[in-house]
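Written out below as structure tokens is the structure these notes cover.
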Amino acid sequence: MRQDFIRQIVRDDLAAGKHVAVHTRFPPEPNGYLHIGHAKAICLNFGIAAEFGGWCNLRLDDTNPGKEDPEFVEGIKDDVRWLGFEWHALRHASDYFEVFYRSALKLIEDGLAYVDDLDAEQMREYRGTLTQAGRNSPYRERSVAENLDLFRRMRAGEFADGSRTLRAKIDMGAGNINLRDPAIYRIRKVAHQNTGGAWPIYPMYDYAHCLSDALEGITHSLCTLEFEDHRPLYDWFVDRVDLPNHPELWRPLQDAGLPTQPAKPRQIEFSRLNLSYCITSKRKLAQLVGEGHVDGWDDPRMNTLRGLRRRGFTPAGLRLLIERVGVSKQNSVIDYALLEGCIREDLDATAARRMAVLDPLKLVLTNLPDGHLEMLPFANHPKDESFGMREVPFARELWIEREDFAELPPKGFHRLKPDGEVRLRGVGIVKCEQVVKDAAGQVTALHCTLDPQTRHGMPGADRKVKGTIHWVSAEHAVAAEVRLYDRLFGVPAPDSEEDGRSWLDHVNPQAKQVVRAWLEPAAAAVAPEQRFQFERLGYFVADRVDHRAAAPVFNRTVTLRDTWARQAGQ
RNA sequence: UGGGAGAUCGUCUAAUGGUAGGACAACAGACUCUGACUCUGUUUAUCUAGGUUCGAAUCCUAGUCUCCCAGCCA
């Protein structure tokens, strides 16, 4: 079992008898689609719950209507399931609005909260700065009765948006700014995606999140580093409201049939997942979509979970990445190559092999008769027989990859050259007898002869040549659109803003290239989202939106590791 | 002297006073009908300076650097 500091804490808590079971939650705000960064939180919360025999809820943190949308709720549910997880219960922070309201009344009665008439700008002035203490609001000492009356009228919708807030009465001189009388309710007469027009006031994150955790009986509330400063406030609300000892506060939940067993949750922070060459900011992701730099939230160049899915990345590969990345409190940036490696590792084991030619050059086998046709057997996977076999049509005229031929071969080139020999995958050894060119000197075809002694089953079949290249039969190949994707950003840290360039300046215009390619027939008649290794080229997926058997569309997920390209590039 | 957190190979991450280990990357080689996969090997690290100790990545002191916080966002 993995040994990160969070699992250590969970193990210790369990051993100490603090909890009978581990309860976690994944709590996204439904204001956008999930991205690769969320995969870490999902795998952590669901993974820990599963490993320790507990459960994990999916909770939509929908306390800020206007920014949130049911479209995103559905997208989030879909993405979590795609990643391979199922929640114990689906909850919304908005399910608890009545409980939050009653709890706020309790805080007021206990002298721990007050209604403030300061507007946003005044409140900022009173708050002080990072190095200077704040001052008490002139409304801070209102009586309990007045606060109760005002807050009830806020709830009744009597006041204008922004005219008043409910604030926790803590300490305007605290070094931790979160403790300088944080707002816990604001007036916002906006329809809510879940509760419609029922509420003119909405609770703030710091107040709603910890109480939601408590209501759901969450034992370990995992969140990212920037919330470390919020933990004292988290504990303050949990302790002062004290839900376990005040069942009258959450009776509405029971009346509504929502199983409720409040507990005292513990917040633990870990460092978020950052990936080189990537951006994980909902705002920036939305900007890429909004300004048309990409074709949508599910564009294969996007590092949203939907984008990665369409690109062909696998849930198992993503889970492997999260496992390898580990969990700690250090700020870190994961090398994008690690992600690619994880995806390759998964795909190598799970993707059937096919042949496809992306940049075709005609190769004619002159010692084969016109109309020659054979169906050659190929293994679908080099190491796993359970993938079975397929037949590939072989004829006199073939397409090979243009870059598999060089008239002036560089040092170390193993492929075809004038008078050179190369193995045609699954066929035998061919020799380049003649290079055909057009008037402009462009190579248009290669005339080769096939050595019959090197055919499968012949005594010369195991004769060694340096290179093996792939091919498709020109007559039988199926034309396909193939989208070649590369990293969306050209630099490792597009966010850095060093050298005065903004992140948008680093968008790589070459990140999507569309080519017309030729597929062996068995690669065309497949279902959307089927993944293959096109031998020697990379891993490809049939596009889940645009692919048709009669008009195939494939996305390149990732290339194969290519030591030759690296060597030749030097 | 605002508050909080963190510093270990190139990148992540272990070691909880007792051999600084693993993964990925890189490099070299083997294998190969995919220049893939696989296998073998190699290189590379405890922020600095003091101290405690038989022994320090770990404890103490001082310093340095990095990140987070001044929404009626989450």
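Every chain is numbered from 1 and lettered A, B, ... according to where its sequence line falls, protein lines coming before strand lines.
- In summary, the aromatic rings of A:Y202 and A:F97 are positioned with their centroids under 6.0 Å apart.
- Put simply, A:R561 has a side-chain N or O that comes within less than 4.0 Å of OP1 or OP2 on B:C37.
- B:A7 is paired with B:U64 under the Watson-Crick or G-U wobble criterion, all donor-acceptor distances under 3.5 Å.
- In this structure, A:D119 reaches the bases: a heavy-atom distance under 4.0 Å links it to at least one base atom across the strands shown.
- Within the cation-pi definition used here (under 6.0 Å to the ring centroid, within 45° of the axis), A:R135 qualifies as a partner of A:Y126.
- With a 3.5 Å ceiling on both atom-pair distances, B:G17 lacks any Watson-Crick or G-U wobble partner.
- Listed candidates were B:G35, B:A36, B:A74. Nearest to the side chain of A:N64 is B:A74.
- The listed nucleotides are B:A14, B:U34, B:U11; the one nearest the side chain of A:P382 is B:U34.
- With a 3.5 Å ceiling on both atom-pair distances, the Watson-Crick or G-U wobble partner of B:U38 is B:A30.
- The shortest distance between the side-chain N/O atoms of A:R188 and the OP1/OP2 oxygens of B:C73 is below 4.0 Å.
- Rounded to whole Å, the separation between the C1' atoms of B:G22 and B:U46 comes to 16 Å.
- A:L118 comes within 4.0 angstrom of a base, heavy atoms only.
- Using a 4.5 Å cut-off on side-chain heavy atoms (C-beta onward), A:I42 and A:I322 make no contact.
- Donor-acceptor pairing under 3.5 Å, judged by distance alone, is absent between the side chain of A:R536 and the base of B:G35.
- At a cut-off of 3.5 angstrom, the base of B:U34 holds at least one donor-acceptor pair with the side chain of A:R353.
- Below the 3.5 angstrom threshold, one finds a donor paired with an acceptor across the side chain of A:Q533 and the base of B:U34.
- Counting non-hydrogen atoms under 4.0 angstrom, A:R324 reaches the backbone sugars and phosphates but no base.
- When the nucleotides B:G6, B:U34, B:C37 are ranked by their closest atom to the side chain of A:R425, B:U34 comes out on top.
- A side-chain N or O of A:R186 and one of A:N64 form a donor-acceptor pair less than 3.5 Å apart.
- Closest contact between the side chain of A:D61 and the listed nucleotides B:A14, B:U38, B:A74 involves B:A74.
- Residue pairs meeting the side chain to side chain donor-acceptor pair (under 3.5 Å) criterion with at least one member in residues 30-40 of chain A, sequence neighbours excluded, are A:E29-A:N31, A:N31-A:K282, A:Y33-A:E71.
- In this structure, B:C59 forms a base pair with B:G51, meeting either the Watson-Crick or the G-U wobble geometry with both donor-acceptor distances under 3.5 Å.
- In terms of phosphate contacts, A:R59 brings no side-chain nitrogen or oxygen within less than 4.0 Å of OP1 or OP2 of B:A74.
- Contact check, A:Q330 against B:A7: a side-chain N or O comes under 4.0 Å of OP1 or OP2.
- For B:C12, neither phosphate oxygen OP1 nor OP2 lies less than 4.0 angstrom from any side-chain nitrogen or oxygen of A:S328.
- Minimum atom distance to the side chain of A:T131 is reached by B:G2, of the listed B:A36, B:G2, B:U11.
- Comparing A:P203 and A:T468 by the nucleotide of RNA chain B whose heavy atom lies nearest to each, the residue mapping closer to the 5' end is A:T468.
- Comparing A:S163 and A:H414 by the nucleotide of RNA chain B whose heavy atom lies nearest to each, the residue mapping closer to the 5' end is A:H414.
- For A:Y277 and A:N303, the side-chain atoms include no donor-acceptor pair closer than 3.5 Å.
- In this structure, of B:A74, B:G35, B:C37, it is B:C37 that holds the atom nearest to the side chain of A:D348.
- Nucleic acid contact for A:G134: none, since no nucleic acid atom lies under 4.0 Å from a heavy atom of the residue.
- For the pair A:T63 and B:C73, the criterion of a side-chain N or O lying under 4.0 Å from OP1 or OP2 is not met.
- The 12-atom threshold is exceeded at NZ of A:K329, counting heavy atoms of other residues, nucleotides or ligands nearer than 6.0 Å.
- Residues A:R463 and A:R423 come closest through the heavy atom pair O-NH2, 2.6 Å.
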* Structure fact -> With sugar-phosphate taken as primed atoms, P, OP1 and OP2 and all else as base, the protein-contact string of nucleotides 64-71 of chain B at under 4.0 Å (heavy atoms; B, S, -) is ---SBBBS

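- At least one side-chain nitrogen or oxygen of A:K464 sits closer than 4.0 Å to the OP1 or OP2 atom of B:C33.
- The shortest distance between the side-chain N/O atoms of A:R186 and the OP1/OP2 oxygens of B:C73 is below 4.0 Å.
- The gap from the P atom of B:C68 to that of B:C12 amounts to 16 Å, rounded to the nearest Å.
- Between A:C223 and A:R25 the shortest heavy-atom distance is N-NH2, 4.4 Å.
- The separation between A:W199 atom CH2 and B:C72 atom P is 21 Å, rounded to whole Å.
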